[in-house]
Amino acid sequence: MTATAKSAPDVSSQEYLDALRHSCAHVMAQAVQEIFPGTKITIGPAIENGFYYDFDGPHHFTEEDLAKIEKRMRQIAEGNHPFSGKEQSYEESKAYWSGRGEKYKLELLDGIKERGEKITHYTHSTFTDLCRGGHLDSTKGIRHFKLLSVAGAYWRGDEKNPMLQRIYGTAWGTKDALDGHLKMLSEAKARDHRKLGPALDLFSIQELAGPGLIFWHPKGGLMRMIMENWLRAEALSRGYQMVYTPHIANIDLWNTSGHRSFYKDNMFTEIEVEKADYQLKPMNCPFHILIYQSKLRSYRELPMRLAELGTVYRYERSGVLHGLLRVRGFTQDDAHIFCTRENIESEVAGCIDFALAVFAAFGFEKYQMEVSTWDPAKSADYSGEAADWEMAQAALERVLHEKKLPYKLIKGEAAFYGPKIDVKLIDAIGRAWQLSTIQFDFNLPQKFSLEYISHDGSRQRPLMVHRALYGSIERFFGILVEHYAGHFPLWLAPVQVKILTLTDEQNAPAQALEAKLKAASLRPVLDLRGEKIGAKIRDAQLEKVPYMVILGPKDVAAGVISVRLSDGRQFQGLRDDDFIAKLVKECSDKLTKPDWGNA
RNA sequence: GCCGGGAUAGCUCAACGGUAGAGCAAUCGCUUCGUAAGCGAUAGGUUGUGGGUUCGAAUCCCAUUCCCGGCUCCA
């Protein structure tokens, strides 16, 4: 390197952002210890979009405290203190942290020693942390940040450990980046399905009925029906067979499946019925297996794809419930594919194609695939044969390769019963949501001793694939609400057209138009109230209705209609038949909007 | 489940130890109007629930339910 000044860092690179955020965490810890002496520090890493630091102390941080801490952080940052690192011996480090009574740091220190790692301390200003490094050159670079929230977090993420207080912050290389992120956060808040859902009269959760249980109102119910019908039609055309199974079953079934032992924590307690115990179903799998098992199967019947919109009930701890995204009763678009080893690649490919069709239909352009495989070193912890695992994992990866779909390989993350592909959707404002899942199951076929008769007359064990594409209809719907911020594509919109009249004179023509729209299988609603047109438009706009037809004396006299789109564009003098034809086409195209020309 | 915060009319909020109030929505009436709020009237509340302190509690205390931010877990 020459004597010239160091080139400016790329403030948008991940490396820079990690260093910045990590540096923020240190500065925050200094500020907290200055303002609240005696607070013990634990760990404070950089995370996606920001940083946090976990503290232990008697004072409970409030919103006002965050403002104070943030102010002090800015002062420290402006002091332009360099970060410097120094390797220390275990004894030196131990003496330092003992002297300060930092018991968490001492615990971390012992861990570092056990793993035989280097012990380094990083210092800026008056603050020193036990840290492996990765900071900015100086605190001067810390400018575009904001403290966001305080939350509880267990020491080392273990609920048996003490609860610490975590302060979250976000930090960026430029003001624009920070503003952009804060805007995304407020946009996310504005789209929150828990707010929009009830506001648009789509669904509710009722305290009297219990938490985590969803009431689908008429509009949400209609949308759900459309989603379900679409999925059923797709499934049938892709060779699935639709089944229906009970919501409850004798406990013996759950003992056989093994759920009573490995899934007990998530199951509601059993219900006694005539001296036998019954169990509300947390999963559909055993039921589909019973259908498979109801007679002797031939290889000629495979692959057998049994699908159901199966409602399951899972006991979720009260603190984890979240709107439609985490509930106690939900409906999975569940399917179980029973197949031979020869089938697996084409079946996995079929599932992937179906999943991509779902995303395309509902307007999700981005997604991330993750393949979770086993840890062969712990093969005893898994069900099934090593050969089957290897074959299934290879098939999952091969299919994704062939379809040129990028994926992340997560080794050792498979469930004990089989490897899987999870798909995360990326929504309109860049958030990822876990949704579709395609999982092999080497456990249940064994538990239920599933068989088919092979072409050579021998009895063989089929392979089984679980697959859910929406994942849960509730969750998918919640994500849809947020993705579109309530402005649903026409084919899903519960009210597609609102017919607004200027005066009572237009009531009859408005009703005639309503009938015509209904005859074309569209969903119109009349607004004949004695309100001014501006008020009717405002109401329709707030309901996020895609199209408004405005009927006034001039329109009726000319035999035309005026159309207003929810984006504000207006078109006068349209023929109703043309309007209807465009809407019908938009519904069948699903996501392609018609060309309305310029307003 | 755990830590912290919260709950007042359908919604958004006010009253912060001394008679619970506003706007919007709802209902009724008037208005018949050209692209985001016409006017008036009426009705609506054991302040989430249960206890306690007090002459007096929406307000202070305890318990509980539900919600929110996270942790752990997950479709």
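A, B, ... follow the sequence lines: proteins, then strands. Residue 1 opens every chain.
- Below the 3.5 angstrom threshold, one finds no donor paired with an acceptor across the side chain of Arg314(A) and the base of rC74(B).
- Residue Arg326(A) is in base contact, counting any heavy-atom pair closer than 4.0 Å across all strands shown.
- Tyr52(A) has no side-chain polar atom (N or O) that falls below the 4.0 Å cut-off from OP1 or OP2 of rG70(B).
- The residue from Gln511(A), Lys536(A), Arg529(A) that alone fulfils the side-chain hydrogen bond (donor to acceptor under 3.5 Å, both in side chains) condition with Thr501(A) is Lys536(A).
- Salt-bridge annotation for Lys408(A) and Glu413(A): absent, with no side-chain N of the basic residue lying under 4.0 Å from a carboxylate O of the acidic one.
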Using atom names, set out every protein N or O paired with an N or O of nucleotides 5-12 of chain B below 3.5 Å, distance rounded to 0.1 Å.
from, atom 1, to, atom 2, distance (Å)
rU12(B), OP1, Lys195(A), NZ, 2.6

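- Ile550(A) comes within contact range of at least one nucleobase, with a heavy-atom separation under 4.0 Å.
- Relative to the side chain of Lys532(A), the nucleotides rC73(B), rG38(B), rG69(B) differ in distance, and rG38(B) lies closest.
- Proximity of a side-chain donor or acceptor of Asp333(A) to a complementary backbone N or O of Tyr470(A) within less than 3.5 Å is detected.
- The backbone N or O of Lys189(A) lies less than 3.5 Å from no partner atom in the side chain of Asp192(A), so there is not a single donor-acceptor pair.
- Across all strands shown, Ala535(A) has heavy atoms under 4.0 Å from sugar-phosphate atoms exclusively, and none from any base.
- A donor-acceptor contact under 3.5 Å is formed by the side chain of Gln572(A) with the base of rU35(B).
- Taking the P atom of each, rC3(B) and rU19(B) are spaced 38 Å apart, rounded to whole Å.
- To the nearest whole angstrom, the two P atoms, one in rA41(B) and one in rG51(B), are 40 Å apart.
- For Tyr154(A), no side-chain nitrogen or oxygen approaches OP1 or OP2 of rC73(B) to under 4.0 Å.
- Contact between the side-chain N/O atoms of Arg194(A) and the OP1/OP2 oxygens of rC68(B) is found at a separation under 4.0 Å.
- With both ends at atom C1', the span from rG18(B) to rC24(B) equals 30 Å, rounded to whole Å.
- Counting any heavy atom pair closer than 4.0 Å across all strands shown, Pro553(A) reaches a base atom.
- Comparing the C1' positions of rU54(B) and rC13(B) gives an interatomic distance of 29 Å, to the nearest angstrom.
- Toward the 5′ end of RNA chain B lies the nearest nucleotide of Arg564(A), the other residue of the pair Leu325(A) and Arg564(A) mapping further downstream.
- The C1' atoms of rU31(B) and rA37(B) are separated by 15 Å, rounded to the nearest whole Å.
- Ion pairing between a basic and an acidic side chain is recognised when a charged N comes within 4.0 Å of a carboxylate O; Glu586(A) and Lys582(A) show no such pairing.
- Using atom C1' as the reference point in both rA14(B) and rA22(B), the two lie 7 Å apart (nearest Å).
- OP1 or OP2 of rG1(B) has at least one side-chain nitrogen or oxygen of Ser318(A) nearer than 4.0 Å.
- Here, rG29(B) and rA20(B) have their P atoms 33 Å apart, quoted to the whole Å.
- Gln506(A) contributes atom CD, which lies 10.0 Å from atom CG of Leu528(A) (distance to the nearest 0.5 angstrom).
- Where stacking is scored as ring centres under 5.5 Å apart with planes under 30°, Tyr168(A) does not register as stacked on the base of rG70(B).
- Taking 3.5 Å as the limit, the base of rA37(B) and the side chain of Arg538(A) contain a donor-acceptor pair of atoms between them.
- Spacing between atom CD of Gln570(A) and atom C1' of rU35(B) amounts to 5 Å, rounded to whole angstrom units.
- Going from atom CZ of Phe55(A) over to atom P of rC71(B) covers 16 Å, rounded to whole Å.
- Residue Leu435(A) is classed as a sugar-phosphate contact, given heavy-atom separations below 4.0 Å to backbone atoms only.
- Between Leu164(A) atom CG and rG4(B) atom C1' there is a gap of 13 Å when expressed in whole angstrom units.
- Contacts of Glu543(A) with the nucleic acid, taken as non-hydrogen atoms under 4.0 Å apart, are absent.
- With values rounded to the nearest 0.5 angstrom, Ile205(A) atom CD1 is found 6.0 Å from Leu324(A) atom CG.
- Between rC11(B) and rU46(B), the distance separating the two P atoms is 14 Å to the nearest Å.
- With hydrogens and angles left out, the side chain of Gln439(A) and the base of rA75(B) share no donor-acceptor pair within 3.5 Å.
- Checking rG44(B) for Watson-Crick or G-U wobble geometry (two distances, each under 3.5 Å) identifies no partner in any strand.
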